[in-house]
Amino acid sequence: MELKKWWHNAIGYQIYPKSFQDTNGDGIGDIQGIIQHLDDLKELGVNIIWVSPINESPMMDHGYDISDYYKIDPSFGSNEDLEVLIKEADKRGIKILMDLVINHTSDQHEWFQKAIQNLDSKYANYYIIREGDENGNPPNNWRSIFGGSAWGKIEGTNKYYLHLFTVGQPDLNWENPELREKLYEMVNYWLDKGLGGFRIDAISHIKKDWTYENLPPDGPDGLVTAWKYYRNAEGIEELLHELNESTFKKYDSFTIGEIDAETPEQIEQFIGENGCFSTYFDFFHNKYCIRYEQYAKDPIEMVEEIKKELFARQELIKKSGGLLTNFLENHDKPRAPERFIPKKFINFYSQSLLGTIYFFLRGIPVIYQGQEIGMTDFPKESIDGYIDLATHNNYKELLEKGMSEEDALRLINIDCRENSRTPMQWDDSENGGFTDGEPWFAVNPNYKTLNYKNQKEDPESLLNYYKKLGALRKQEDFESTFIYGETIQLYSEIKGCLAYQRRLNDKVITMIANWTPNVMEIPMDKPINELLLNNYKTLHVDQESMVFQPFQVIVFQ
């Protein structure tokens, strides 16, 4: 098989470094901890690792507030450690991606400090600074994505800076060509070090609609979440193409944009043959959770909605000719089993079913740390158990809407992104083998039984099943079909059954999943020539039908 691009056969793995592996006892994961587990990731079939932010930062938003683009934060190690990681990963056929955060900086960044010290300096034009109204109020009533006003007041003035995220993350002014050149220099600095590319954070927000009038409030705070004014705003593609031409394209980099597209035209603009990025994450399933009231009584209805959207997205990407990045989990969402499987049915079968469904779709599969062993949420008994500013802001908003503390905490425990940030559970020793010190965030107590070491030694474990997923996807006879083949939905009329074929020329591979806790009979449309994967030991087949056990999934040709 000849790949059209070097990254087309990628299996990705996202590392949230704070929680991956601590090697110096300070309770925070570090770059040396990633190096320590490169062989484990190679065994998993991974050939691209995305490392969440490790640049110098005051950590108001866990590294997504960068104070120095050219330095690694000391809590993670040094610039030299990163260079070792790149070289050691390369020896194993693995490319490293950094998280590129260029919609905003930290308010501790030298540029911002110079801007607020002298509002007439060139640095003030690196950010979006506007005069408040005649009453000293912010320029408009936009709400920050993290809650509260999107405008931070500059002390001693009537001027405000825009921050779509936390107050400590002032947005950069992408309309300023000098600022853009500074960013491109920085990007190329890291690519020169041998990085494989970047996952590009919040990039859909770099272009703003400069219509600043107040909008009708959508909440009791008098503010409004004004997505159309600062997400994929008209003209963003010009900025993105310039970014690509000035940086990524020169190095044949692999880039994942945190962006969304709803039409074939948008997809072509963002990730087509002449697009701005290699790919982007398909977020379509983010809005679904089995614990939401509308799905709790009828989980299969959620499955039906997911089916409809999933195959619509596969059809969109087919028309564009690009590849999406497919995922179940990331650092911003609760764990997948808690979102997609009723609590009493979370087990090896349901978790392996979820992994199989997305692993063989058209696109690049990415595993989030701990997903391969089935790590689960760790709900807290008090809001004080959480650290994240956005979590506390969300809790405060729920209380302001009249919700009781008990109900607000229940919703936070369901939706909180910190559920995916608990430390990695490597073994059954203290703190799950994550650290010898005091962990920065509480380890899920179930590490005693749910851990990497136990699963590595168990041939029937979820970890070893994920290794089978990776090996099958890269098997020479099938790799081209999984990468470039058409996705054709099957059995759409059977509720709770999610099935598809991947077809390329005369090669056809079929995936069928019973996403229910019930036994399901499925008509036998074509004979099974070779069963490639089965999360059960058996499959009952006769001439007319197949009988699937609860959460059984198979792949065959």
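Here, residue 1 is the first one in the sequence, and each next residue gets the next number.
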> Got more than 12 heavy atoms from elsewhere within 6.0 Å of CG, Asp388?
Replying inline: yes
>> Under 6.0 Å between ring centres: does that hold for Phe482 and His8?
In response: no
Tell me which donor-acceptor pairs under 3.5 Å the side chains of residues 375-383 have, and how far apart each pair is, sequence neighbours excluded?
{"residue": "Thr376", "atom": "OG1", "partner": "Asn446", "partner atom": "ND2", "Å": "3.0"}
{"residue": "Asp377", "atom": "OD1", "partner": "Arg335", "partner atom": "N", "Å": "2.8"}
{"residue": "Asp377", "atom": "OD2", "partner": "Arg291", "partner atom": "NH2", "Å": "3.0"}
{"residue": "Lys380", "atom": "NZ", "partner": "Phe378", "partner atom": "O", "Å": "2.8"}
{"residue": "Ser382", "atom": "OG", "partner": "Asp384", "partner atom": "N", "Å": "3.1"}

>> List the residues meeting ring pair (Phe, Tyr, Trp, His ring centres under 6.0 Å) with Phe284, not counting sequence neighbours, and say none if there are none.
In response: none
> Is any NZ, NE, NH1 or NH2 atom of the basic residue among Asp90 and Lys193 found under 4.0 Å from an Asp or Glu carboxylate oxygen of the other?
Replying inline: no
>> Do Ile72 and Ser78 make a side-chain contact, defined as non-hydrogen atoms from C-beta onward lying under 4.5 Å apart?
In response: no
>> According to ring pair (Phe, Tyr, Trp, His ring centres under 6.0 Å), who are the partners of Phe146, at least two apart in sequence or on a separate chain?
In response: Phe165
> Have Asp30 and Thr23 got a donor and an acceptor in their side chains that come within less than 3.5 Å?
Replying inline: yes
> Quick one: does Val519's side chain get under 4.5 Å of Phe548's, heavy atoms only?
Replying inline: no
> Looking only at side chains, do Tyr465 and Thr356 share a donor and an acceptor under 3.5 Å apart?
Replying inline: yes
> What's the spacing between Glu309 CD and Phe311 CZ if we round to 0.5 Å?
Replying inline: 12.5 Å
>> Tell me every residue that passes side chain to side chain contact (heavy atoms under 4.5 Å, CB included) with Lys343, counting only those two or more places apart in sequence or in another chain.
In response: Glu338, Ile346
>> Under 3.5 Å, is there a donor on one side chain and an acceptor on the other for Ser19 and Trp440?
In response: yes
>> Checking Asn55 now: which residues fulfil side chain to side chain contact (heavy atoms under 4.5 Å, CB included) with it, not counting sequence neighbours?
In response: Ile66, Met98, Trp190
> Taking the side chain from Ser350 and the backbone from Phe345, do they hold a donor-acceptor pair closer than 3.5 Å?
Replying inline: yes
> Quick one: are Val366 and Tyr13 in side-chain contact, heavy atoms under 4.5 Å?
Replying inline: no
> Could you state the interatomic distance from CD1 (Ile522) to CG (Leu490), rounded to the nearest 0.5 Å?
Replying inline: 10.0 Å
> With a 4.5 Å limit on heavy-atom distance, are the side chains of Ile86 and Leu195 in contact?
Replying inline: yes
> How would you list, by chain and number, every residue that makes a salt bridge (charged side-chain N to carboxylate O under 4.0 Å, His left out) with Lys344, sequence neighbours excluded?
Replying inline: none
>> Once ring pair (Phe, Tyr, Trp, His ring centres under 6.0 Å) is applied, do any residues pair with Phe20, and if so which ones, sequence neighbours excluded?
In response: His37, Trp426
> Taking the side chain as C-beta and beyond, is there a heavy-atom pair between Gln294 and Asp298 under 4.5 Å?
Replying inline: no
> Side-chain donor-acceptor pair under 3.5 Å between Arg502 and Thr487, yes or no?
Replying inline: yes
> Given side chains that start at C-beta, do those of Lys333 and Asn286 come closer than 4.5 Å, heavy atoms only?
Replying inline: yes
>> If you define the side chain from C-beta out and look only at heavy atoms, does anything of Val84 sit under 4.5 Å from Ile31?
In response: no
> Looking at residues at least two apart in the chain, or sitting in another chain, which of them share a side chain to side chain contact (heavy atoms under 4.5 Å, CB included) with Lys495?
Replying inline: Ile300, Glu301, Glu304
> Quick one: do the Thr391 and Asn394 side chains pair a donor with an acceptor below 3.5 Å?
Replying inline: no
> Looking at Asp99 and Arg199, does any basic side-chain N land under 4.0 Å from a carboxylate oxygen?
Replying inline: yes
>> I'd like to know if the side chain of Asp81 pairs up with that of Gln32 as donor and acceptor (distance under 3.5 Å, no hydrogens or angles considered).
In response: yes
>> According to side chain to side chain donor-acceptor pair (under 3.5 Å), who are the partners of Asn413, at least two apart in sequence or on a separate chain?
In response: Tyr386
> Between Asn103 and Asp201, is any pair of side-chain heavy atoms under 4.5 Å apart?
Replying inline: no
> Is the closest side-chain donor-acceptor distance between Tyr466 and Gln371 under 3.5 Å?
Replying inline: yes
> With Phe281, which residues qualify under ring pair (Phe, Tyr, Trp, His ring centres under 6.0 Å), at least two apart?
Replying inline: Trp50, Phe327
> Rounded to the nearest 0.5 Å, how far apart are CG of Asp252 and OG1 of Thr255?
Replying inline: 10.0 Å
> Does a donor on one side chain and an acceptor on the other come within less than 3.5 Å for Ser57 and Asp65?
Replying inline: yes
>> I'd like to know if the side chain of Tyr280 reaches the main chain of Leu323, judged simply by a donor and an acceptor atom lying under 3.5 Å from each other, with no hydrogens or angles considered.
In response: no
> Can Asn431 and Tyr447 be counted as having a side-chain donor-acceptor contact under 3.5 angstrom?
Replying inline: no
> Just wondering, are more than 12 heavy atoms of other shown residues or ligands nearer than 6.0 Å to NZ in Lys308?
Replying inline: no
> Is Lys4 close enough and on-axis enough to Tyr484, meaning under 6.0 Å and within 45°, for cation-pi?
Replying inline: yes
>> Checking Asp506 now: which residues fulfil side chain to side chain donor-acceptor pair (under 3.5 Å) with it, not counting sequence neighbours?
In response: none
> What residues, two or more places apart in sequence or in another chain, satisfy salt bridge (charged side-chain N to carboxylate O under 4.0 Å, His left out) together with Glu88?
Replying inline: Lys91, Arg92
